[in-house]
> 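Dropping the structure in here first, questions after.
Just so it is clear: chains get the letters A, B, ... in the order the sequence lines come, proteins before strands, and each one is counted from 1. When reading the values below, keep in mind they use all heavy atoms of this one structure, side chains included, and skip hydrogens, waters and symmetry mates. In this text, all values refer to a predicted model and were calculated from it rather than measured experimentally.
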2 protein chains.
Amino acid sequence: MASQPHDSSRHDNTLAVIRSLREHGPAARVDIGTRNGISSATVTSISADLLQQELITELPPDVSRPSGRGRPKTLIHLDTEAACVICVKLSINELQLVVGDFAGQVRHSEHHSVATLTLTPGDLTALLEEKIAAVCTTALANHRRLAGICLAIQGVVSSHSGTLIWSPALSFRNAPLSPPLAERFGCPVLLENDANCIASVLATQPAYAGYPNLVVIMLGYGIGMSVMIDGVPFVGANGSAAEFGHSKYQPGGALCACGKRGCIEAYASDYALYREAREVLDLPAGDSAHPSEQQMQALTQLAMQGDPEAQRIFAEAGRALGYGMANLLALFNPDLVLITGSGVRGYAAMQESMQTALDEALVSELIGPTRIVSCPWDRDMTCLGGIAIALQATDSQILSAS
Amino acid sequence: MASQPHDSSRHDNTLAVIRSLREHGPAARVDIGTRNGISSATVTSISADLLQQELITELPPDVSRPSGRGRPKTLIHLDTEAACVICVKLSINELQLVVGDFAGQVRHSEHHSVATLTLTPGDLTALLEEKIAAVCTTALANHRRLAGICLAIQGVVSSHSGTLIWSPALSFRNAPLSPPLAERFGCPVLLENDANCIASVLATQPAYAGYPNLVVIMLGYGIGMSVMIDGVPFVGANGSAAEFGHSKYQPGGALCACGKRGCIEAYASDYALYREAREVLDLPAGDSAHPSEQQMQALTQLAMQGDPEAQRIFAEAGRALGYGMANLLALFNPDLVLITGSGVRGYAAMQESMQTALDEALVSELIGPTRIVSCPWDRDMTCLGGIAIALQATDSQILSAS
DNA sequence: TGGATTTAATTTAGACCCTAAAATAAATGC
DNA sequence: GCATTTATTTTAGGGTCTAAATTAAATCCA
């Protein structure tokens, strides 16, 4: 009498073993069991399956490290070549491709300069197909399978449908990006907001673990945010939740890149800061609507060195951030707010007025125990997150496909 | 060789049967199986357990209704007397107690006028103990167990710790309310925000089912909100999430009951509307800081009848609501926003300016497909929700205690 | 009236998955 | 070389589910 498996415990436990190996590296069966709350007998059974599917291998005994009394542990680890994933990060005028193996390690990374704002949807799809195909032939030779692709894009995306809704890096809106790539490469293609990618990485870091309600704010050309609830990004109905940059500071206020007025982004983003500054300060020439890192550094320097006009501009940005933060705390009541992104370079010049504005706006009961801290910016983190997300999403498929 | 059950399927399926009976009423084993995706053999086994524990009973065959061909269904239903729960709703100058049986039906309801603002924490605990004890002796005679108590309170509460953080109905803050009652009555005592209670009811209504991201805004003396994500209220780190009323419309704007300036509540709540109106309009006398329903009806009437000053006041409130809604949509991107509470009486006078403000504040991509609709107000809904929440929370305990 | 038919509920047989305990494997210590 | 220690595998057994078979209790209809 055949029957469908009525519960998912084997499946869940198998995924737990894989993720445990990916997170902690090679381990003995007995330790995997302890770490995941399952018996070593079960780990034996699961690893036998995984060995047979060639998803894991046994490490040869390490003769250099003395093993102590008793039978030595036999470490198992993920077969790094069992599969790989690609993360493609699209930001203004730049395309980054990173290849990660089945164990989550970066195996290849490349950057391309692209005039993203001039692309049509067709151009973009063709470009992505070309670059991904190139990476596949050069960097994927040893991998048995391309398990998934993650497109990490600054802006608003609908992950569910794989549709780009709107990005500051692109001049078009509402275009399906995932479907053509999924068709072309025969694997799942995830579309993710870049802030969600970064937040996924930060949420697993020991320093920030143990905060089930984590908010990550990304300052930069625009202002992005990710709200992680129990380790999962909150995306809302169609993926456009957490648009902190377009929440309001001042009705009818400064003009935002979105076309509306009074958004937080219209006060505290790079372009907003530079727009204010260039009227009154002597700053490097260049496209002041899309200030470069050098331009922003020059402006930040001025504030740090005590220029009163520059300080006033950052203080006003901090005030807008503080009022935005008040809404964030009133509505999400997070444990921790991390402020990062390239714009953290100016955080010191905004922090005091931000805190003042927050205290002015919100009663202490609603500020509660929320901690607000900045976090150094690492531009490669987006792709690390994209790779982790792609692997998580495809583990289940890899399992059933073998 | 004994072993702990390694999975929770029996437990989960048993809960599913109980909740299915509570939601849909008496049903045959075969139908319960179909509805919950489990085999009727399993339902037979589970219902045998539940019959033995006297948590359900078999209905006698209904001779009046012809059963059609085949063996007639034997309906089982929850034993209504197996347990009961009490919901206590505390609002300004009023205390309501409702008793619900194990099937979720209301068995008793009573209201008391109480000068809530004059109570000390000790007074309140003593009052609650007295009223609950009285209800226990009169209304609970037939029930075998008091399974839980839900305190539904307007304001900010920490459900986890059972601590009141701040309520407009009380003049003190930061008081533990659940622990003394839990001790006194020997059952779990849940502390819930009133908006969460109402939203829990609305989220299960057929008209609003199928919206995994549901926001319920409660207009009234103050402004409350509940954000339901997949049927569960989002409470944040310490229970003070979803404080829409204290999110900001205008930095440095109108004075709010919380002591800060520019909150949405300071423009669109009953007290804010009345405060504006009494300066320029001829309105009923009374405590204009806590306007009565009659006073608010009089004001609303004026606006409906076309009084330009009254219309201006409601329009400005609608504008504040619209800007608050913009933040809500940008940050939560809900499928549906329901506007209810006693304040919906004036919604018609606010709706147009609210929509105008929303369109002015937020790009259409971020408004997305979110629907915003009002919903008639029923003041008894809070306690219905409280009873449903208390039963859900205690099912598991009832099971294991038998 | 009594068998055929229909549908519900229960029982049975079998499969899966897990764990504890026993057995086996592979080291070190002395 | 044997006792000890620790890891892994095997064995035995319990829980839970489902499909199929069986039993139960009606209606239909000749």
Side-chain angles (χ1 to χ4, degrees), chain A residues 1-17 20-21 26-52 56-77 399-400, chain B residues 1-17 20-21 26-52 56-77 399-400:
Chain A
M1 293 176 192
S3 65
Q4 272 35 270
H6 62 275
D7 73 63
S8 54
S9 49
R10 186 52 168 258
H11 187 254
D12 294 348
N13 287 338
T14 305
L15 283 184
V17 169
S20 178
L21 289 172
R29 290 163 174 82
V30 62
D31 297 325
I32 295 170
T34 305
R35 188 183 291 145
N36 293 285
I38 51 185
S39 72
S40 63
T42 301
V43 180
T44 292
S45 166
I46 288 171
S47 27
D49 289 351
L50 291 174
L51 280 166
Q52 199 262 313
I56 64 172
T57 55
E58 285 192 344
L59 286 184
D62 182 352
V63 287
S64 66
R65 190 178 45 90
S67 63
R69 298 289 294 268
R71 177 173 173 173
K73 296 171 195 284
T74 308
L75 303 186
I76 55 179
H77 75 158
L399 264 185
S400 55
Chain B
M1 294 178 196
S3 66
Q4 271 38 267
H6 62 275
D7 73 62
S8 55
S9 50
R10 186 51 169 258
H11 187 254
D12 293 349
N13 285 338
T14 306
L15 282 184
V17 169
S20 177
L21 289 172
R29 289 164 175 79
V30 61
D31 296 325
I32 295 170
T34 306
R35 187 184 291 148
N36 294 285
I38 51 185
S39 72
S40 65
T42 301
V43 180
T44 293
S45 166
I46 287 171
S47 28
D49 289 350
L50 291 174
L51 280 167
Q52 200 261 312
I56 64 171
T57 55
E58 283 192 345
L59 287 184
D62 182 354
V63 289
S64 66
R65 189 178 45 93
S67 62
R69 296 288 293 265
R71 176 176 173 172
K73 295 172 196 283
T74 309
L75 303 187
I76 55 179
H77 75 160
L399 263 185
S400 55

> Given the rule in the side chain to side chain contact (heavy atoms under 4.5 Å, CB included) test, do B:Arg10 and B:Ser45 qualify, once you have shown the distances and angles that lead to the verdict?
CA-CA 10 Å; B:Arg10 186 51 169 258; B:Ser45 166; 2.5 Å; yes
> Roughly, in whole Å, what's the span from CZ in B:Arg35 to C1' in C:dA8?
16 Å
> Below 4.0 angstrom from OP1 or OP2 of D:dT16, is there any side-chain N or O of B:Asn13?
no
> Mind calculating the distance between CD1 (A:Ile38) and P (C:dC17) to the nearest angstrom?
13 Å
> With the side chain of A:Arg29 defined as its heavy atoms from C-beta on, choose the nearest nucleotide among C:dC18, D:dT9, D:dA7.
D:dT9
> Tell me which nucleotide among D:dT8, C:dT10, D:dA7 gets nearest to the side chain of B:Thr44.
C:dT10
> Does B:Ser45 have a side-chain nitrogen or oxygen under 4.0 Å from the phosphate oxygens OP1 or OP2 of D:dT16?
no
> With nearest nucleotides of DNA chain D determined for A:Ala28 and B:His11 from heavy-atom distances, which residue corresponds to the more 5′ nucleotide?
A:Ala28
> Measure the shortest side-chain to side-chain distance between B:Ile56 and B:Leu21 over non-hydrogen atoms and say whether it is less than 4.5 angstrom.
yes
> CG of A:Asp62 versus C1' of C:dA26: gap in Å, rounded?
16 Å
> Determine the minimum heavy-atom distance between B:Ile76 and B:Ser47, stating which atoms define it.
CD1-CB, 3.8 Å
> What is the separation between atom CD1 on B:Ile76 and atom P on C:dA8, rounded to the nearest whole Å?
14 Å
> Could you check whether B:Ser9 gets within reach of a base, just the sugar-phosphate, or nothing at all, counting any heavy atom under 4.0 Å?
sugar-phosphate
> Find the distance A:Asp12:CG to C:dC16:C1' and express it as a whole number of Å.
14 Å
> Applying side-chain contact (heavy atoms from CB on, under 4.5 Å), can you list everything that pairs with B:Arg71, at least two apart in sequence or on another chain?
none
> For B:Ser8 and B:Asp12, does a side-chain donor sit closer than 3.5 Å to a side-chain acceptor?
yes
> To the nearest Å, give me how far apart CG (A:Leu51) and P (D:dT8) are.
12 Å
> Output the rounded distance in Å from CG (B:Asn36) to P (D:dT16).
18 Å
> Does B:Ala41 reach a base, just sugar-phosphate, or nothing at all? Heavy atoms under 4.0 Å.
base
> Measure the distance from CD on B:Glu58 to P on C:dA9 and round it to the nearest whole Å.
9 Å
> From the list D:dT16, C:dA9, D:dT18, which nucleotide is the closest neighbour of the side chain of B:Arg10?
D:dT16
> List every contact pair, protein side and nucleotides 25-30 of chain D side both N or O, where the distance is under 3.5 Å.
from	atom 1	to	atom 2	distance (Å)
D:dA25	N3	B:Arg71	N	3.4

> Hey, are the side chains of A:Val30 and A:Val43 touching, using non-hydrogen atoms and a 4.5 Å cut-off?
no
> Where do B:Ala28 and B:Leu75 come nearest, in terms of heavy atoms and distance?
N-CD2, 3.5 Å
> Should A:Ser39 be listed as having a side-chain N or O under 4.0 Å from OP1 or OP2 of C:dC18?
no
